[in-house]
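Keep in mind that the numbers below use all heavy atoms, side chains included, and drop hydrogens, waters and symmetry copies. Numbering starts at 1 and runs along the sequence shown. Since the model is a prediction, treat every value here as computed from it, not as a measurement.
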Amino acid sequence: MRVIFMGTPDFAVSALDAIAAAGHTVEAVYTQPDKAKGRSGKLQPPPVKVRALELGFPVFQPEKLRDEENVKKIRELAPEIIVVAAYGQILPESILEIPPLGCINIHASLLPKYRGAAPIERSILDGEEKTGVTTMYMAKGLDTGDMIEQAETEILPSDTGESLTARLAEMGGKLILSTMQKLADGTAVRTPQKEEDSTYAKMLDKAMGEMDFAKSAAELERSVRALIPWPCAATVVDGKHVKIYGAEVTDQTGTPGEILEVTKKYFTIACGEGALRIRKLQPEGKKPMDTAAFLNGKKLEVGMKVGV
């Protein structure tokens, strides 16, 4: 099958690999422009670009996909199908109508739940017990198109945004091959989404990481896991900004934000309901470390307040 692939982050790499390994002809890969990273401002290519170049595929990085020269180029490439996975731009109707088999999106949720930019993190934040991937026809709305296939997985108590993304990416690679085969042989079934069951997972922002200890410990523990690797749950400890990478819920009680317990291996912070035992963190300007290493150089005491 003649394929144009559109994707940007790590999540999309597994699908590109699967399509290439299955022997489909990847005519072009479209991804977002390189972005400046860190203090140096050095341009960093997206993961899909890196992998596409390794596989020898032509790469295009338009600022605006909808510009006429880009639409014209896609028409010239004459794809039978366009596969999209977390591309980061909305496809205009002028592109949606090009491939005869459609523009097919791999979305990291069990639609219609968690339409939008951050379905993986939101499923952990909300305490969902399961999630999955959905292949769907792309339409004018945001993740509103008819569904084709779904695959689901349990959300483990240990899952982080990073680990769940990796698992769903692998599932998405397998599912798109199944969907492409059904599209090729005419057995794909279109299932409209139930609008009344839809929810929206808005884009993450840095402010989401700031921990509010008036919330329950269970809610904050989920945010610690969900927001790895970015933006990470964070707070202020003894006047210093720290990111939290590992925590567990206890049934201790106290004034929210108060340190209830300090041992050689961890410290415990009171929450609105229960408490949070901090096991791994990253002090500002340093690498992530076990709390034991942090406490070797930092004297915390019961009764100290955590947070802004």
Side-chain angles (χ1 to χ4, degrees), residues 1-17 19-20 24-38 40-109 111 114-122 134-146 165 169 172 176 200-206 230-231:
M1 194 178 289
R2 291 169 56 85
V3 182
I4 286 179
F5 184 84
M6 297 181 176
T8 298
D10 286 315
F11 172 77
V13 172
S14 291
L16 178 60
D17 278 340
I19 290 167
H24 294 289
T25 303
V26 179
E27 298 293 340
V29 173
Y30 282 74
T31 189
Q32 292 284 69
D34 297 359
K35 287 190 176 180
K37 288 291 178 90
S40 68
K42 185 178 179 181
L43 289 178
Q44 185 170 322
V48 163
K49 177 183 179 178
V50 174
R51 185 59 181 144
L53 292 176
E54 289 172 351
L55 293 168
F57 300 142
V59 174
F60 297 90
Q61 296 176 273
E63 289 280 353
K64 295 181 179 179
L65 188 65
R66 65 176 56 250
D67 288 351
E68 184 52 42
E69 67 268 23
N70 297 317
V71 178
K72 181 181 177 184
K73 179 62 179 177
I74 291 171
R75 284 201 188 98
E76 289 171 353
L77 290 168
E80 295 172 79
I81 185 172
I82 295 177
V83 175
V84 182
Y87 175 44
Q89 291 194 45
I90 295 173
L91 274 61
E93 282 188 87
S94 56
I95 290 177
L96 293 177
E97 63 191 19
I98 291 174
L101 293 178
C103 294
I104 308 301
N105 187 36
I106 306 167
H107 186 75
S109 80
L111 288 171
Y114 301 111
R115 296 171 177 173
I120 299 172
E121 295 84 357
R122 295 284 173 179
T134 303
T135 53
M136 55 178 286
Y137 289 96
M138 297 188 75
K140 283 191 294 183
L142 180 63
D143 301 325
T144 58
D146 292 348
T165 296
I176 191 60
Y200 177 64
K202 70 176 183 179
M203 189 177 295
L204 302 180
D205 60 62
K206 195 170 183 179
W230 190 89

For [X] versus [Y], what's the shortest heavy-atom pair and its separation?
X	Y	value
F57	A20	CZ-CB, 3.8 Å
R75	E68	NH1-OE2, 3.6 Å
I74	M6	CD1-CE, 3.7 Å
M203	R122	O-NH2, 4.0 Å
G145	A139	CA-CB, 4.0 Å
K49	V59	CG-CG1, 4.0 Å

Study note, to complete from the structure: Partner of P79 under side-chain contact (heavy atoms from CB on, under 4.5 Å), picked from T25, I4, V26, is I4

Determine whether a donor-acceptor pair (N or O, by modelled atom type, separation under 3.5 Å) exists between the side chain of [X] and the backbone of [Y].
X	Y	result
T31	Q61	no
Q89	L65	yes
T135	I106	no
R2	L77	yes
R51	D17	no

Review point. Do other residues, nucleotides or ligands put more than 12 heavy atoms under 6.0 Å from the CG atom of L142?
Key: yes

Practice item. Using a cut-off of 6.0 Å, state whether more than 12 heavy atoms not belonging to E76 lie near its atom CD. Key: yes

Practice item. Identify whether the distance between the nearest side-chain nitrogen and carboxylate oxygen of E27 and K73 falls below 4.0 Å. Key: no

Check your understanding: Are the charged groups of E69 and K72 less than 4.0 angstrom apart, N to O?
Key -> no

Rounded to the nearest 0.5 Å, what separates atom [atom1] in [X] from atom [atom2] in [Y]?
X	Y	atom1	atom2	value
I176	I104	CD1	CD1	6.5 Å
T144	N105	OG1	CG	10.5 Å
E121	T165	CD	OG1	5.5 Å
D146	Y137	CG	OH	8.0 Å
W230	D205	CH2	CG	6.5 Å
I81	M1	CD1	CE	5.5 Å

Point to revise | Test item: S94 and R66 side chains (from C-beta on) under 4.5 Å apart, heavy atoms | key: no

Point to revise | Pairwise side-chain contact, P58 with V29, heavy-atom cut-off 4.5 Å (strictly under) | key: no

Exercise for review: Dump the intermediate steps for side chain to side chain contact (heavy atoms under 4.5 Å, CB included) on L55 and L16, then the final yes or no.
Suggested key: CA-CA 10 Å; L55 293 168; L16 178 60; 4.2 Å; yes

